[in-house]
Peer 1: 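Before I ask anything, let me first share the structure, which is written out below as structure tokens.
A, B, ... follow the sequence lines: proteins, then strands. Residue 1 opens every chain. Just so you know, these numbers come straight off a predicted model, no measurement behind them.
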Amino acid sequence: MCGRIVQYRSPEDYAAALRLSEPDPGLSLRPATFNGAPGQDFLIVRQEGEGNEPVLCISQWGFAPDIAGDRKMSARLATAHAETVVTEGSFCAAYRYRRCLVPVDSFYEWKKLGPMGKQPHAVGMEDGRPFTLAGLWENWRGPEGAWLRTFAIVTITSNKLLAGINDRMPLIIDPQDRARWLSDEGHPGDLLRQHPSEGMARWLVSPEVNSLRNNGPSLLAPMAAAG
DNA sequence: CCAGACGTTGTT
DNA sequence: GTCTGG
DNA sequence: CCAGACGTTGTT
DNA sequence: GTCTGG
């Protein structure tokens, strides 16, 4: 599903990895996280207007539809289905005009074990390098007039690597496709596809990741399968 | 995504 | 179960 | 309970 | 996700 992500590097590191120009120094104030959840702030990449270069900025995970108006902020959508993002009411304008990238080092998926509970796995790239998830962003105006920039992560059917864990995975945008995803192209539909299993890795991690009280590099430590 | 709260009525 | 907070 | 909708301005 | 309609 993608409800927990890792974004532990500095803005400078992500900028270098994504070949962006030097990021705003203020972004360094954002705490890095090994256990990031909806409701928290993350670095995202946006391109405002064609011809402008993509830049890193801060945004809160949990898409607040502009139609939300005075509706509760609880209408915060952490994910958007790639299959319906073109037409789906709350997302289609954001898909058309406000796509973004979420640079991550890995993400977590929980495998349901029936009555036995669930088992967390980390997922990343085999080479350990950061990669980018497809996102949609929106400015939402709160009741007191304050503006909040929010985003959702686009998900798609799981590839072979992840099918055994969960039926959906985040939409990963490969380096050669990032510019198009950020561009003002109306409907880059061919990018709405599964990332192949090849080049990706998954491994069992400790249930310590369940609680947001825990946050540190040890959350990514591979754990031997029980039994 | 997961963890944790969930009540202030009216007598099981 | 549903909702909120992180 | 499930199915289906969820914005209409002018692109932040 | 939340809400409405059936």
Side-chain angles (χ1 to χ4, degrees), chain A residues 1-7 30-42 44 46-52 55 57-81 83-100 102 104 106-113 116-123 133 135-142 145-155 158 162 165-170 182-187 202 204-216 219-220:
Chain A
M1 188 59 146
C2 194
R4 219 59 89 75
I5 60 178
V6 175
Q7 195 179 69
R30 176 209 65 100
T33 182
F34 289 85
N35 199 356
Q40 301 172 347
D41 286 341
F42 294 90
I44 65 169
R46 289 187 305 155
Q47 175 173 331
E48 295 209 70
E50 201 60 17
N52 294 325
V55 292
C57 68
I58 299 283
S59 182
Q60 182 177 300
W61 187 5
F63 189 94
D66 54 359
I67 56 166
D70 258 3
R71 244 195 254 170
K72 279 186 181 177
M73 258 303 289
S74 59
R76 295 180 314 175
L77 311 165
T79 57
H81 283 202
E83 295 87 342
T84 57
V85 88
V86 191
T87 51
E88 210 273 343
S90 303
F91 290 121
C92 79
Y95 171 69
R96 169 65 185 82
Y97 295 108
R98 293 181 298 280
R99 297 185 297 267
C100 62
V102 187
V104 297
S106 50
F107 56 90
Y108 300 104
E109 296 286 356
W110 278 260
K111 181 189 173 103
K112 286 198 177 74
L113 301 175
M116 305 299 292
K118 43 205 155 189
Q119 201 170 41
H121 298 252
V123 182
L133 309 182
L136 308 172
W137 67 274
E138 179 97 273
N139 276 335
W140 181 82
R141 191 174 179 276
W147 287 91
L148 186 65
R149 184 161 53 231
T150 64
F151 71 94
I153 291 176
V154 180
T155 67
S158 286
L162 297 183
I165 300 181
N166 207 317
D167 56 352
R168 302 192 67 79
M169 65 180 283
L182 294 175
S183 78
D184 66 355
E185 181 176 335
H187 179 19
R202 71 170 166 93
L204 203 57
V205 294
S206 159
E208 282 180 14
V209 73
N210 290 5
S211 173
L212 294 181
R213 288 192 296 257
N214 301 317
N215 189 358
L219 294 181
L220 286 176

Peer 1: First contact, last contact: which nucleotides of DNA chain B are these for chain A, 5' to 3', heavy-atom distance under 4.0 Å?
Peer 2: B/dC1 to B/dG4

Peer 1: Let me have DNA chain E in dot-bracket notation, would you? Count Watson-Crick plus G-U wobble pairs, both distances under 3.5 Å, and use [ ] for pairs crossing earlier ones and | for inter-strand partners.
Peer 2: ||||||

Peer 1: Of all the heavy-atom pairs spanning A/W61 and A/C2, show the shortest one and how long it is.
Peer 2: CZ2-O, 3.5 Å

Peer 1: Testing A/T33, A/I153, A/V104 for side chain to side chain contact (heavy atoms under 4.5 Å, CB included) with A/F42, which one passes?
Peer 2: A/T33

Peer 1: Which heavy atom in A/P38 sits nearest to a heavy atom in A/A78, and how many Å separate them?
Peer 2: CG-CB, 3.8 Å

Peer 1: What's A/E109 touching, base or sugar-phosphate or nothing? Going by heavy atoms closer than 4.0 Å.
Peer 2: nothing

Peer 1: Identify the heavy atoms of A/R168 and A/E109 that sit nearest to each other, and give their distance.
Peer 2: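 Distance-wise, the nearest heavy atoms are O-OE2, 3.8 Å.
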
Peer 1: Can you check the A/Q60 CD to C/dT4 P distance for me, whole Å?
Peer 2: 14 Å

Peer 1: List the steps, then state whether side chain to side chain donor-acceptor pair (under 3.5 Å) holds for A/E208 with A/N214.
Peer 2: CA-CA 6 Å; A/E208 282 180 14; A/N214 301 317; 4.9 Å; no

Peer 1: Using the P atom as the point on both nucleotides, what is the distance between E/dT4 and C/dC3, in whole Å?
Peer 2: 12 Å

Peer 1: Which part of the nucleic acid, if any, lies within reach of A/Y97 when heavy atoms closer than 4.0 Å are counted: base, sugar-phosphate only, or nothing?
Peer 2: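 If one applies the 4.0 Å heavy-atom cut-off, A/Y97 turns out to touch a base.
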
Peer 1: If the P atom of D/dA3 is compared with that of C/dT2, how far apart are they to the nearest Å?
Peer 2: 15 Å

Peer 1: Give me the atom names and distance for the closest heavy-atom approach of A/D184 to A/R96.
Peer 2: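 Heavy atoms of A/D184 and A/R96 come nearest at O-NH1, 3.2 Å.
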
Peer 1: With A/R149, which residues qualify under salt bridge (Lys or Arg N to Asp or Glu O under 4.0 Å), at least two apart?
Peer 2: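 Salt bridge (Lys or Arg N to Asp or Glu O under 4.0 Å) list for A/R149, sorted by chain: empty.
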
Peer 1: Using the P atom as the point on both nucleotides, what is the distance between B/dG4 and B/dT8, in whole Å?
Peer 2: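 Looking at atom P only, B/dT8 and B/dG4 are 23 Å apart.
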
Peer 1: Please give, in whole Å, the distance from C/dT4 C1' to A/Q40 CD?
Peer 2: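 To the nearest whole Å, that distance equals 14 Å.
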
Peer 1: Can we say A/R99 and A/E185 salt-bridge, meaning some charged N sits less than 4.0 Å from an Asp/Glu carboxylate O?
Peer 2: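 No, A/R99 and A/E185 are not salt-bridged.
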
Peer 1: Looking at every strand, decide which applies to A/R149 at a 4.0 Å heavy-atom threshold: base, sugar-phosphate, or nothing.
Peer 2: nothing

Peer 1: Please determine which of A/V6, A/L212, A/L220 meets the side chain to side chain contact (heavy atoms under 4.5 Å, CB included) test together with A/N35.
Peer 2: A/L212

